[in-house]
Amino acid sequence: MSTYKSDFLNILSERGFIHQVSEPDALDARAASGQITAYIGYDCTAASLHIGHLLPTMMLYWLQQTGHRPIALMGGGTTRVGDPSGKDESRRILTEDMINENLRSIRQTFSKFLKFESDGGNAVMANNADWLNQLNYIDFLRDVGRHFSVNRMLSFDSVKMRLERQHELSFLEFNYMILQAYDFVELNKRYGCALQMGGSDQWGNIVNGIDLGRRMNDAHLFALTAPLITTASGAKMGKTAAGAVWLNADLVSPYGYWQFWRNTEDGDVARFLKLFTTLPLGEIAKLTALQGSEINEAKKVLATEATALMHGRAAADEAAGTARKTFEEGTFAASLPTVEVARATLEQGIGVLNAFAELSSLVSSNGDARRQIKAAGLKVNDVTVSDEKMVLTAKDLTADGAIKLSLGKKKHVLLKPI
RNA sequence: GGGAGAGUGUCCCGAGUGGCAAAGGGGGCGGACUGUAAAUCCGCUGGCUACGCCUUCGUAGGUUCGAGUCCUACCUCUCCCA
């Protein structure tokens, strides 16, 4: 591992964020001698970022922590086109209203990691719709389009793959890489931005931007990509039953978020601590020296630290406490996810199937509940349900005034009368 | 515009002969073993008021006792020719 002169590259490198850098020495010299401005592009096809966005966001975090200026570029304009990279299916095109809605929501997530000008920081949130929406087609072709060689564009993997697999690649999508290159040039002009970061799959797109900058404005731009994160067993990160692990608290609760990190595979703990927490490396080394089941301690730290970054220290500690009570002490944690029922309904009796399917949503249907009962997967107050006709009444309330419904060993919901 | 092919269980890939709630994977969920891990093994993976009923194979019709399967039209996509 090479040592850099700048804190920025040193930290990214030590923590495992770097996959490829263009002209590392030149970039290092620049970062060591003054402030650089760098950006990462995000799409806004959803109302929340997910775990997959976390890694690039941490790069922006460290950028700012080491005295530089981060730009989070929202693809308000390019989202209306769709990135063909690595995807066979054309991305769904959203309306402008939906995009703006998503933008608002995502900004909140960024403000957890970055200090924007309104908070006394120097981070910038830009939207490429600001310049892309105004482009004049003829002017754009003349000023930008002439710098692109179709021969070369056809040789990019993302394009080649689509052609080889005989999947359609529309002209619209084909232009995505040109727009992204143009973003870089525009940010360079507006903010003096000299570095674009992103996932390793973005390398080609970023390099295009570097070329375009040199040709149009004689600008000297840089690229830095992060490795693609997969779990030790090779799965893509951030996928669960429910789909993506979202960062917004209303989509995935802090407790659920904590659990996600808690269930990290052994082989990933060290890497994730470095990437997704801000703990000093020395401390991380100590944690990851733990052997066997001891490594669970490291997982708890990972979960709490990652959750604290995202949802705040208090929420993280609460999630850790809930988990401790539920899993280690086997007791009742009143802070588990809770569903309320009318007391009168409970007095009349609630069928287990109904309780699990309709009320708690732990299972998707009555049929699913039946199957889980057959497989001994459902528990009421920690007792396995064996009869699908079982009825829950006020008698089932524990001393804490609720009924604990469990699916498997990990998913619990409290049923509380009101 | 002409010709050739494709669309299957709302997670994905993918068999499918007129009797099909539809093979097989992957993924996911549950169980066992463990450490809330991985690996391994086992079970499940349309809905319901459930020995029955209802809804599913691009869409809409049709032929049949019976259609994912045959016919017609339409939609979407791919390839070749113009």
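Computed from a predicted model, the values in this text were never measured in an experiment. Below, chain A is the first sequence line, B the second, and so on; all start at residue 1.
- Residues meeting the salt bridge (charged side-chain N to carboxylate O under 4.0 Å, His left out) test with E305(A), sequence neighbours left out: R313(A).
- Within a heavy-atom distance below 4.0 Å of RNA chain B, the residues of residues 353-371 of chain A found are S365(A), N366(A), G367(A), R370(A), R371(A).
- Look at rG46(B): its Watson-Crick or wobble partner, with both distances under 3.5 angstrom, is rC54(B).
- The phosphate of rG30(B) (OP1 or OP2) has a side-chain N or O of K411(A) nearer than 4.0 angstrom.
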Practice prompt. For D130(A) and R190(A), run salt bridge (charged side-chain N to carboxylate O under 4.0 Å, His left out): C-alpha distance rounded to whole Å, both residues' side-chain angles, the deciding distance at 0.1 Å, then the answer.
Written response: CA-CA 12 Å; D130(A) 290 349; R190(A) 292 183 178 220; 5.1 Å; no
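- Among residue pairs with one or both ends in residues 139-148 of chain A, those qualifying as salt bridge (Lys or Arg N to Asp or Glu O under 4.0 Å) are D139(A)-R142(A); sequence neighbours excluded.
- Straight-line distance from the OH atom of Y255(A) to the C1' atom of rU36(B): 9 Å, rounded to whole Å.
- Qualifying salt bridge (charged side-chain N to carboxylate O under 4.0 Å, His left out) partners for R107(A), counting only residues two or more places apart in sequence or in other chains: none.
- Note: NZ (K325(A)) to P (rU36(B)) measures 19 Å, nearest angstrom.
- Only the P atoms considered, rC33(B) is 28 Å distant from rG46(B), to the nearest whole Å.
- Toward the 5' end of RNA chain B, the nearer of the two residues K300(A) and G408(A), judged by each one's closest nucleotide, is G408(A).
- Taking the C1' atom of each, rA82(B) and rG7(B) are spaced 26 Å apart, rounded to whole Å.
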Per-pair distances, 0.1 Å, donor-acceptor, side chain in residues 63-76 of chain A, under 3.5 Å, sequence neighbours excluded:
unit_1 : atom_1 : unit_2  : atom_2 : d
Q64(A) : OE1    : K115(A) : N      : 2.9
Q64(A) : NE2    : K115(A) : O      : 3.0
Q64(A) : NE2    : N122(A) : OD1    : 2.9
T66(A) : OG1    : W62(A)  : O      : 2.8
T66(A) : OG1    : L63(A)  : O      : 3.1
H68(A) : ND1    : I36(A)  : N      : 2.9
R69(A) : NE     : T37(A)  : OG1    : 3.3
R69(A) : NH2    : Y191(A) : O      : 2.8

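- Residue contacts shown for T264(A) are limited to sugar-phosphate atoms, with no base heavy atom under 4.0 Å away.
- E265(A) places its CD atom 11 Å from the P atom of rA37(B), with the value rounded to the nearest Å.
- With sequence neighbours left out, T264(A) forms a side-chain hydrogen bond (donor to acceptor under 3.5 Å, both in side chains) with no residue at all.
- Going from the C1' atom of rC75(B) to that of rA60(B) covers 10 Å, rounded to whole Å.
- Distances from the side chain of K299(A) to the nucleotides rU36(B), rG35(B), rU34(B) place rG35(B) closest.
- Ring-plane geometry between F110(A) and F116(A) is classed as perpendicular, the angle between the planes exceeding 60 degrees on a 0 to 90 degree scale with a lower cut at 30.
- Comparing the P positions of rG58(B) and rU17(B) gives an interatomic distance of 14 Å, to the nearest angstrom.
- With distances taken from any side-chain atom of K409(A) to the nucleotides rG35(B), rG31(B), rA38(B), the minimum falls on rG31(B).
- Contacts with RNA chain B (heavy atom under 4.0 Å) in residues 372-380 of chain A: Q372(A), A375(A), A376(A), G377(A), listed by number.
- Judged by distance alone, the side chains of N248(A) and S105(A) do bring a donor and an acceptor atom under 3.5 Å apart.
- The partner of rU78(B) is rA4(B), by the rule that a Watson-Crick or G-U pair needs both atom distances under 3.5 Å.
- Taking the P atoms as reference points, rC71(B) lies 15 Å from rU64(B), given to the whole Å.
- The separation of rA6(B) from rA15(B), taken at their C1' atoms, amounts to 16 Å, rounded to a whole angstrom.
- As a whole-Å value, the separation of Q291(A) CD from rA38(B) C1' is 15 Å.
- Separating the P atom of rC29(B) from that of rA37(B) is a span of 12 Å, rounded to the nearest Å.
- In textbook terms, a nucleotide whose glycosidic angle is within 90° of 0 is syn, while rC13(B), being further out, is anti.
- Contact annotation: side chain of E328(A) to base of rU36(B), donor-acceptor pair absent below 3.5 Å.
- With both ends at atom P, the span from rU49(B) to rC74(B) equals 43 Å, rounded to whole Å.
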Validation: residues 394-402 of chain A side-chain donor-acceptor distances under 3.5 Å, sequence neighbours left out:
unit_1  : atom_1 : unit_2  : atom_2 : d
D396(A) : OD2    : T393(A) : N      : 2.9
T398(A) : OG1    : D400(A) : N      : 3.3
T398(A) : OG1    : A402(A) : O      : 3.1

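- With sequence neighbours left out, D7(A) forms a salt bridge (charged side-chain N to carboxylate O under 4.0 Å, His left out) with no residue at all.
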